[in-house]
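We use all heavy atoms of the structure for the numbers below, so side chains are in, but hydrogens, waters and symmetry mates are not. Nothing fancy with the numbering, it's 1 onward along the sequence.
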Amino acid sequence: MNEKMSKLAVNGGIPYKQDSFPKWPYGDEKEIALLTEVVQSGKWWRTTGRKVIEFEEKFATMQECEFCLGVTSGTHALEISMSALGISHGDEVIIPAFSYISTCSAVIYCNAVPVLVDVDPETFCMDPKAFEQAITPKTKAVIPVHMAGHSCNMDEICRIAKKHGIYVIEDAAHGHNGSYKGKKLGSFGDMAIFSFQNGKLMTCGEGGAIVTNNKNLYEQAYLIHGVGRPKDDKGYTHTVVGSTCRMNEFQGAVLLAQMDRVEEMMRRRIENAQYLDSLMNKVDGIKPQKPADYAVEGMTHYMYMFYYEDSKFGGHPRQEFVEALKAEGIPAFISFPVLSKTQFFMENNFMGKIPGYDYKKEKDLPNANKIGEKVVCIPQYTLLGAQKDMEDIAGAVLKIQEAFCQ
């Protein structure tokens with residue numbers, strides 16, 4: 001082992017970053033006060049309390065939508081949205097090939113067929129041209145994913161969807177308070193979903209929300225999320241088949257407090273991401289996700305994502321780089337794989353086999369495959385620090401590169 005390799009923290013050397021990033025999840029006396037209020041009230045269920053309703057009203061306003069429904073997770077929000085739109089057996093739903101598994105699994109849980117399309121190699125968001133080329137007479141909906149809070153090209157996606165009579169469900173799990181050309185994410189489609197899982201920009205540990213401007217869709221989603229019972233039902237009247245996906249008052253209380261910090265935290269992440277871009281763009285073999293002009297001011301930066309070119313790092317594979325980066329005090333992970341490379345896709349191991357669909361067509365998804373194979377992610381809370389924290393990230397990358405190339 002050469003001298004510089006021995007100095008890497010992963011090999012026993014001193015970590016580059018000696019202090020810590022801001023903690024996440026973040027909470028303070030606001031969460032404590034609201035949670036205490038719920039505990040003492042004895043009204044822990046949304047049906048008897050007011051915190052979930054207050055959250056829904058406030059979140060709908062923040063995302064410039066008329067209706068919001070708090071639910072148990074972002075995944076459930078997708079499933080409920082598709083069910084409310086009547087998507088079912090045999091329907092096709094177009095999704096980006098590069099996304100978290102929930103975008104796909106929710107389609108399957110509705111007995112519909114996920115159709116994967118390629119993404120833009122710089123923004124990592126759905127390619128509108130690929131979306132239009134994938135439309136068939138069976139296509140019922142499209143789910144554009146605002147990857148890492150970078151807005152999709154909603155003008156084009158909505159234009160294409162309207163032309164072909166296709167529903168639009170925005171997956172804005174990464175997009176709290178984000179916008180596209182000055183209009184908030186979630187306000188473009190027929191319905192949209194958000195996630196409040198532990199790592200998200202607003203969190204209550206687990207949770208989700210559906211937003212829409214369509215009253216009928218909101219009411220249908222409400223029925224489905226509450227085992228089919230209408231509001232104020234007293235007689236166990238189940239009008240549709242539903243599930244139990246209700247948000248509770250503890251979640252609503254925490255999210256009310258979290259919402260007060262969203263704007264300031266987003267501003268800080270934007271500033272730090274732009275500064276980190278200026279540093280990382282100087283590193284040979286590192287290429288950050290590149291925001292389109294329309295997305296710069298409204299990007300939430302749920303993750304800081306960048307291509308890692310191993311040939312510029314002595315041929316050391318991505319996973320080895322990530323382990324070295326973590327040892328230097330920089331939290332990092334490889335990106336999730338292209339959906340077609342997950343085990344259940346490769347084996348066509350769905351709840352029911354879907355004949356006639358080949359998810360192994362690698363050549364059809366060149367950009368998504370490249371992202372899945374080469375991208376490294378750094379969690380959003382690192383961007384809540386100071387400029388020195390951004391310098392530490394870039395400095396640790398350079399330290400590793402120097403050792404790997406020795």
Side-chain angles (χ1 to χ4, degrees), residues 17-65 68-74 77 149 172-179 184-186 193-211 245-273 298-304 329 331 378-390 392:
K17 187 167 180 58
Q18 294 295 301
D19 54 359
S20 59
F21 288 100
K23 69 174 184 176
W24 194 265
Y26 178 82
D28 59 22
E29 65 278 358
K30 292 181 180 179
E31 279 86 352
I32 294 171
L34 287 167
L35 284 169
T36 300
E37 183 183 336
V38 172
V39 171
Q40 293 177 344
S41 73
K43 298 176 180 179
W44 298 1
W45 190 31
R46 73 161 291 152
T47 305
T48 56
R50 286 286 307 172
K51 290 293 183 286
V52 173
I53 293 172
E54 290 176 22
F55 155 70
E56 290 170 338
E57 291 173 349
K58 190 172 181 180
F59 192 76
T61 298
M62 186 174 85
Q63 298 304 141
E64 297 178 352
C65 290
C68 171
L69 179 66
V71 296
T72 41
S73 72
H174 302 167
H176 315 71
N177 199 49
S179 62
K184 291 297 180 69
L185 303 184
I193 71 95
F194 292 82
S195 170
F196 307 116
Q197 175 269 347
N198 198 65
K200 297 300 188 292
L201 307 175
M202 284 173 50
T203 181
C204 56
E206 286 285 4
I210 298 168
V211 297
C245 299
R246 292 181 293 259
M247 178 177 284
N248 65 50
E249 289 291 280
F250 297 108
Q251 294 169 299
V254 171
L255 291 171
L256 281 170
Q258 294 272 304
M259 216 179 313
D260 289 342
R261 308 185 189 99
V262 169
E263 183 69 36
E264 169 58 23
M265 286 184 169
M266 180 175 166
R267 182 197 61 78
R268 199 181 315 167
R269 286 194 306 272
I270 289 173
E271 290 179 358
N272 279 330
M299 186 172 175
T300 64
H301 294 282
Y302 169 64
M303 295 178 286
Y304 186 84
I378 295 176
Q380 57 91 8
Y381 61 83
T382 60
L383 299 176
L384 295 176
Q387 280 198 354
K388 179 184 179 302
D389 292 304
M390 306 305 106
D392 286 344

Please report the closest heavy-atom contact between Cys68 and Phe55, naming both atoms and the distance.
SG-CE2, 4.4 Å
How far apart are the closest heavy atoms of Tyr302 and Gln380, and which atoms are they?
O-CB, 2.7 Å
Distance (rounded to the nearest 0.5 Å) between [X] [atom1] and [Y] [atom2]:
X      : Y      : atom1 : atom2 : value
Ile193 : Leu69  : CD1   : CG    : 12.5 Å
Trp45  : Phe250 : CH2   : CZ    : 14.5 Å
Lys58  : Ile53  : NZ    : CD1   : 15.5 Å
Arg46  : Glu249 : CZ    : CD    : 8.0 Å
Lys43  : Asn248 : NZ    : CG    : 15.5 Å
Glu54  : Leu34  : CD    : CG    : 8.5 Å

Counterpart residues, side-chain hydrogen bond (donor to acceptor under 3.5 Å, both in side chains), relative to [X] (two or more places apart):
X      : result
Lys30  : none
Glu263 : Asn177
Arg268 : none
Asn198 : none

Under the rule for side chain to side chain contact (heavy atoms under 4.5 Å, CB included), what residues qualify as partners of [X], not counting sequence neighbours?
X      : result
Ser20  : none
Thr36  : Ile32, Gln40
Ile378 : Tyr304, Phe306, Ile330, Ala332, Thr382, Ile393
Pro22  : Leu384

May I ask you to test the [X]-[Y] pair for a side-chain heavy-atom distance under 4.5 Å?
X      : Y      : value
Val211 : Lys184 : no
Glu56  : Val52  : yes
Phe21  : Pro379 : no
Lys200 : His174 : yes
His176 : Phe196 : yes
Arg269 : Leu201 : yes
Asn272 : His301 : no

Can Val254 and Met202 be said to form a side-chain contact (heavy atoms from CB on, under 4.5 Å), step by step?
CA-CA 9 Å; Val254 171; Met202 284 173 50; over 6 Å; no
I'd like to know if the side chain of Thr203 reaches the main chain of Gln197, judged simply by a donor and an acceptor atom lying under 3.5 Å from each other, with no hydrogens or angles considered.
yes
Looking at residues at least two apart in the chain, or sitting in another chain, which of them share a salt bridge (Lys or Arg N to Asp or Glu O under 4.0 Å) with [X]?
X      : value
Asp392 : Lys17, Lys388
Arg267 : Glu264, Glu271
Lys51  : Glu37
Glu206 : none

